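Everything on this sheet refers to the single structure shown next.
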2 protein chains.
Amino acid sequence: MATLPIKNKIRELRFFAEEMTQQELAELVGVTRQTIMAIEKCKYSPTLEVAFKIAEVFGQSIDEVFQYQSV
Amino acid sequence: MATLPIKNKIRELRFFAEEMTQQELAELVGVTRQTIMAIEKCKYSPTLEVAFKIAEVFGQSIDEVFQYQSV
DNA sequence: ACCTGGTGTACAAAATTATTAACATTGAGT
DNA sequence: ACTCAATGTTAATAATTTTGTACACCAGGT
C-alpha cells in the first residue's frame, strides 16, 4: 500500500455531530463500520461517491472533510 | 455501482482551459487517456485521489468539478 | 486520397477499494 | 472485577477502478 496523500477530519466531525459512532455514520452513508474505520484511519481512500455521502452527512463539502496534499 | 449518481464538468473545463486535450489532462493528472475518457463520459466515478488531482489541474474544488445527486 | 490528432469503444488484466466475519483492545459505568 | 459499547485489527473475498492494447470514426490540412 502506497502512502496516502489524503487526510480527513471524519473523527472530529463525528464527535462534533453529537458524538456519532462509526456504526451510525456507516448506516447513514450506506457502508459497513469497517469501511468507515479504514477511511478514518487512512488505510485507503474512499471512492468519490462514498466521499460525497460522508460530506453530505456532516453538511460539509468534500474539500472540508478531506485534505489532499499534492506531492 | 450500477447507475452513476455523479456528473462532472471536465469537458467544459478542458475547453475552457485553452482546449486542453484528454491526453494532456491525463498526463497532468497522472492517469491514462482512457481513464479521463471513462470519467468524462460517466462510465465510472474516479477515486477520491484522482478526483482531487483533476480538480487541482483546473484550480477548482472537487464540488465544482463533480456534482453528486443524492437519491 | 492521404495523413494526423483527437475522440470513442471494447476487452482482458492488474491494481485498488469495499464487504464480511471474527476476534482483540480500550474506556466508562456499575 | 465485571459488563458493555465503541473502536481497532486481520484475513479472505467481492466489487470497482485503472491500465494496456487494439481498432474505428471524424474533421482539418496537405
Side-chain angles (χ1 to χ4, degrees), chain A residues 1-58 60-71, chain B residues 1-58 60-71:
Chain A
M1 189 183 294
T3 57
L4 285 196
I6 298 177
K7 303 202 179 308
N8 68 80
K9 295 182 176 165
I10 296 178
R11 186 166 216 157
E12 299 141 71
L13 289 167
R14 277 200 301 116
F15 284 97
F16 193 67
E18 298 169 353
E19 307 204 357
M20 179 189 298
T21 64
Q22 292 176 343
Q23 180 66 45
E24 289 168 339
L25 176 55
E27 285 165 7
L28 288 172
V29 171
V31 297
T32 62
R33 179 179 71 82
Q34 286 84 346
T35 295
I36 296 298
M37 243 288 299
I39 295 168
E40 199 170 291
K41 299 290 271 184
C42 292
K43 298 290 184 183
Y44 51 76
S45 298
T47 59
L48 186 56
E49 183 166 355
V50 170
F52 261 116
K53 286 182 181 170
I54 292 173
E56 192 179 46
V57 165
F58 295 117
Q60 310 263 328
S61 71
I62 287 191
D63 300 82
E64 286 167 326
V65 180
F66 298 91
Q67 293 79 45
Y68 176 66
Q69 289 109 20
S70 45
V71 263
Chain B
M1 255 161 239
T3 58
L4 282 197
I6 298 178
K7 302 204 180 308
N8 69 80
K9 295 181 176 167
I10 296 177
R11 185 166 218 156
E12 298 142 70
L13 289 167
R14 277 201 300 118
F15 283 96
F16 193 67
E18 298 169 353
E19 306 203 358
M20 179 188 299
T21 65
Q22 293 176 342
Q23 181 65 45
E24 288 168 339
L25 176 56
E27 285 166 7
L28 288 172
V29 172
V31 296
T32 62
R33 180 179 72 83
Q34 287 82 348
T35 296
I36 296 298
M37 244 287 300
I39 295 169
E40 198 170 293
K41 300 290 271 184
C42 292
K43 298 289 182 182
Y44 51 74
S45 299
T47 59
L48 185 56
E49 184 165 353
V50 170
F52 261 116
K53 287 181 182 170
I54 292 173
E56 192 179 46
V57 165
F58 295 118
Q60 310 262 328
S61 71
I62 286 192
D63 300 81
E64 286 168 326
V65 180
F66 298 92
Q67 293 79 45
Y68 175 66
Q69 290 107 20
S70 46
V71 269

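All figures in this text were calculated on a predicted structure; none of them were measured in a lab. In what follows, every chain begins at residue 1, and chains take the letters A, B, ... in the order their sequences are listed.
- To the nearest 0.5 angstrom, A/Asn8 atom CG is 7.0 Å from A/Gln67 atom CD.
- Between A/Met37 atom CE and C/dT17 atom P the separation is 16 Å, expressed in whole Å.
- Near-neighbour residues of DNA chain D inside residues 17-30 of chain A, defined by a heavy atom below 4.0 Å, number-ordered: A/Thr21, A/Gln22.
- Contact between the side-chain N/O atoms of A/Ser45 and the OP1/OP2 oxygens of C/dT16 is not found at any separation under 4.0 Å.
- The distance between atom NZ of A/Lys43 and atom C1' of D/dT9, rounded to the nearest whole Å, is 7 Å.
- Residue A/Tyr44 places its side chain closer to C/dA18 than to any other of C/dA18, D/dT19, D/dG8.
- Residue A/Glu56 holds its CD atom at 8.5 Å from NZ of A/Lys53, rounded to the nearest 0.5 Å.
- For B/Phe15, the side chain to side chain contact (heavy atoms under 4.5 Å, CB included) criterion is met by B/Arg11, B/Glu19, not counting sequence neighbours.
- One axis for each end of the helix from C/dA1-D/dT30 to C/dT30-D/dA1, each built from five base pairs, and the angle between them comes to 30° at 10° resolution.
- Taking only side-chain nitrogens and oxygens, B/Thr47 never comes nearer than 4.0 Å to OP1 or OP2 of C/dT17.
- Here the CD1 atom belonging to B/Ile36 is positioned 8.5 Å from the CZ atom belonging to B/Arg14, to the nearest 0.5 angstrom.
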**Study point:** Sugar-phosphate or base contact per nucleotide [nucleotides 22-28 of chain D; S, B, -; heavy atom under 4.0 Å]
**Key:** B------
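- Residues A/Glu49 and B/Pro5 come closest through the heavy atom pair OE2-CG, 3.5 Å.
- Contact annotation for A/Thr32: base contact, defined as any heavy-atom pair under 4.0 Å involving a base atom.
- With sequence neighbours excluded, the residues forming a side chain to side chain contact (heavy atoms under 4.5 Å, CB included) with B/Ala51 are A/Leu48, B/Pro46, B/Ile62, B/Phe66, listed by chain and number.
- For the pair A/Ile54 CD1 and C/dA18 C1', the interatomic distance rounds to 12 Å; values are reported in whole Å.
- Applying the side-chain hydrogen bond (donor to acceptor under 3.5 Å, both in side chains) test to pairs two or more places apart or on separate chains, those with a residue in residues 25-38 of chain B are B/Gln23-B/Glu27, B/Thr32-B/Thr35.
- Between the NZ atom in A/Lys9 and the CD atom in A/Glu64 there is a gap of 8.0 Å [rounded to 0.5 Å].
- The CD1 atom of B/Ile39 sits 15 Å away from the P atom of C/dT9 (whole-angstrom rounding).
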Check your understanding: Can A/Ile54 and A/Ile39 be said to form a side chain to side chain contact (heavy atoms under 4.5 Å, CB included), step by step?
Key -> CA-CA 11 Å; A/Ile54 292 173; A/Ile39 295 168; 4.3 Å; yes
Exercise for review: Test B/Ile10 against B/Leu25 for side chain to side chain contact (heavy atoms under 4.5 Å, CB included), laying out the working first.
Suggested key: CA-CA 10 Å; B/Ile10 296 177; B/Leu25 176 56; 3.7 Å; yes
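- Distances shorter than 4.0 Å separate some side-chain N or O of B/Lys41 from OP1 or OP2 on C/dG8.
- Of the candidates C/dT17, C/dT7, C/dT9, the closest approach to any side-chain atom of B/Arg14 belongs to C/dT7.
- In terms of heavy-atom proximity, A/Tyr68 sits nearest to A/Ile6 at CD1-CG1, 3.6 Å.
- For the pair A/Ile36 CD1 and D/dT9 P, the computed distance is 16 Å after rounding to whole Å.
- Heavy-atom nearest nucleotides on DNA chain C were determined for A/Val31 and for B/Phe15, and the one closer to the 5' end corresponds to B/Phe15.
- Comparing D/dT7, D/dT9, C/dT9 by their closest approach to the side chain of A/Arg11 singles out D/dT7.
- Atom NZ of B/Lys53 is separated from atom P of D/dT17 by 17 Å (rounded to the nearest Å).
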Review point. Hey, mind stepping through B/Asp63 and A/Phe52 against side chain to side chain contact (heavy atoms under 4.5 Å, CB included) and telling me if it holds?
Key: CA-CA 9 Å; B/Asp63 300 81; A/Phe52 261 116; 3.8 Å; yes
